[in-house]
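For reference, the structure discussed in these notes is given below.
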Amino acid sequence: MRTISSVKYETFRFVAAALVFVLALFPVGLTAQKAAMPELKQNQSPQNPRIGFMIHGGAGVIRKGSLTPEREREYKAKLEEAVMAGYKALQAGRSGLDAVEAAIRIMEDSPLFNAGKGAVFTNDGKNELDASIMEGKTMKAGAVAGLRKVKNPITLARAVMEKSPHVMMIGDGAEKFAAEQKLELVDEKYFWTESRWNSLQRVLKEEKEKAEQKPGTVSESARSLPENRFGTVGAVALDKDGNLTAGTSTGGMTNKRWGRVGDVPIIGAGTYANNNSCAVSATGWGEFFIRLTVARDICALVEYRALPVQNAADLVIKKRLQEMGGDGGVIVMDKLGNMGISFNSEGMYRAYIDKDGKPVVEIYAD
Ligand code: ASP
């Protein structure tokens, strides 16, 4: 039988625990916010620009001088075209979903990026595409994985979100749904590009050499070399109604096998949007982004600890991800249009609209 004093003691314990919890949350959040504020980047947009738009075209080994001037111009031109397409959609009063989809489709249609047309090859010489999109207002999301025939996976991800009761569809079933939705399907050959094919051949050769030295292993280079996994594309938007949206699309990693799916179609890993916190699109070594739930973690820091987006992104990418041994980057936008960009790789293709409404395109770390 419980005595009065034990009930009192339990009540006391409950109140004390609740107090400790509240005290632990608030001051940490406020102190963190105060301490972090001065680190805000100069390129952040003004407090309420009403609309905001950013894109990325993948993070990885992109050193100054490693691209020919012509290649660099091509990347910059395509990034500018994509960021302007999204921004113009927002200026015309269209939704964040429209802006994100428009920009990502442009990058999916270009052979420059590892998404859509330029997707990397799997171990057996196929292309398997993943994508996802999320709307911050409703927290609805759509994701697709392992596609072989859908020209624009981001459009299928949006259809999953808007036209089905589900969040994620994969493989043949997803493609059946794409056909029902009358989305454009292409012959698998459409995704063949010489440079991606050559990358696969290089990796296979390396893998063969390694396997001869150490039978029964999948070589580290094939699994993890940063040059085998860049070019994923993504976008985040704040539309005129104050809604945040995020989307991401990829071909995954060169030489992936066994039906491997990365972080891109995993909501909370490669993509996340919530009007209470922020919108995130990620790129990098997917396995780490899944285990760290990178996109959701960044938004949780913004929501629960009131961290500015840049600081939240740096904490997850430059500290947590770095310490774990992963690499990659994110673009982040909050409900006021503040922008954050963070990556621990050598470069990240990226573009955003600055406070004067002009596109800014960047590739390298500085
Ligand atoms: N995150 C993608 C994946 O692991 C690859 C990338 O972003 O480059 O599938």
Side-chain angles (χ1 to χ4, degrees), residues 55-62 75 79 104 107-108 110-123 126-133 143-148 153-154 157 168 170 191 195-196 199-200 203 218 220-236 246-272 280-298 313 316-317 321 324-332 341-350 363:
I55 61 170
H56 70 79
V61 183
I62 320 164
Y75 272 109
L79 287 165
I104 290 182
M107 293 186 281
E108 284 178 339
S110 160
L112 291 174
F113 304 96
N114 172 19
K117 171 76 185 151
V120 297
F121 282 93
T122 62
N123 174 265
K126 301 266 193 300
N127 308 93
E128 290 179 356
L129 290 72
D130 306 335
S132 69
I133 196 161
V144 285
L147 308 177
R148 291 190 170 173
I154 194 68
M168 188 185 238
I170 61 163
F191 298 107
S195 68
R196 301 297 188 204
S199 298
L200 176 67
V203 175
V218 176
E220 240 347 88
S221 64
R223 272 195 296 152
S224 61
L225 270 187
E227 57 262 40
N228 294 336
R229 49 162 204 289
F230 66 83
T232 290
V233 305
V236 293
T248 316
S249 180
T250 191
M253 268 163 70
T254 300
N255 198 31
K256 65 182 181 181
R257 56 178 93 178
W258 308 300
R260 182 261 189 194
V261 174
D263 59 315
V264 166
I266 308 292
I267 297 302
T271 305
Y272 193 74
V280 179
S281 172
T283 172
W285 190 347
E287 279 68 12
F288 286 86
F289 282 69
I290 294 174
R291 283 181 278 185
L292 279 172
T293 57
V294 163
R296 172 63 194 146
D297 233 32
I298 292 171
V316 175
I317 298 297
L321 180 71
M324 222 187 187
D327 65 350
V330 287
I331 53 172
V332 191
I341 300 171
S342 188
F343 52 97
N344 68 344
S345 49
E346 290 182 63
M348 177 157 130
Y349 297 108
R350 57 202 189 272
I363 298 179

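The first residue of the sequence shown is numbered 1, and numbering continues consecutively from there. Ligands are counted one by one from 1 in listed order, and the atoms in each one are counted from 1 as well. Everything quoted here is computed from the prediction, not taken from an experiment.
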A student checking ligand 1 against T232 at a 4.0 Å heavy-atom cut-off should list atoms 2 (C), 5 (C), 6 (C), 7 (O), 8 (O)
A student checking ligand 1 against T283 at a 4.0 Å heavy-atom cut-off should list atoms 6 (C), 7 (O), 8 (O)
Heavy-atom proximity to atom 9 (O) of ligand 1, picking from K256, M253, R260, points to R260
With heavy atoms and a 4.0 Å threshold, my read on which part of H56 contacts ligand 1 is neither
State plainly whether the residues R260 and E128 are in salt-bridge range, i.e. N to O under 4.0 Å. no
Under 4.0 Å from one or more heavy atoms of G252, ligand 1 contributes atoms 5 (C), 9 (O)
Closest heavy-atom approach to atom 5 (C) of ligand 1 among G328, G326, G284 is made by G284
inquiry  = Quick one, H56 and S281 - any side-chain contact, counting heavy atoms below 4.5 Å?
reply    = yes
**Prompt:** Backbone or side chain, does any N or O of G286 fall under 3.5 Å from an N or O of ligand 1?
**Reply:** yes
Quiz prompt | Side-chain heavy atoms of V280 within contact of T271, under 4.5 Å | solution = no
Is it the case that atom CD1 in I170 sees more than 12 heavy atoms from other parts of the structure closer than 6.0 Å? no
Ring centres under 6.0 Å, that's the criterion: do F113 and Y75 meet it? yes
Next on the checklist: Ignoring hydrogens and geometry beyond distance, is a side-chain donor-acceptor pair present between N344 and D327 at under 3.5 Å?
Outcome noted: no
Heavy-atom proximity to atom 3 (C) of ligand 1 ranks first, among D263, T250, V264, for D263
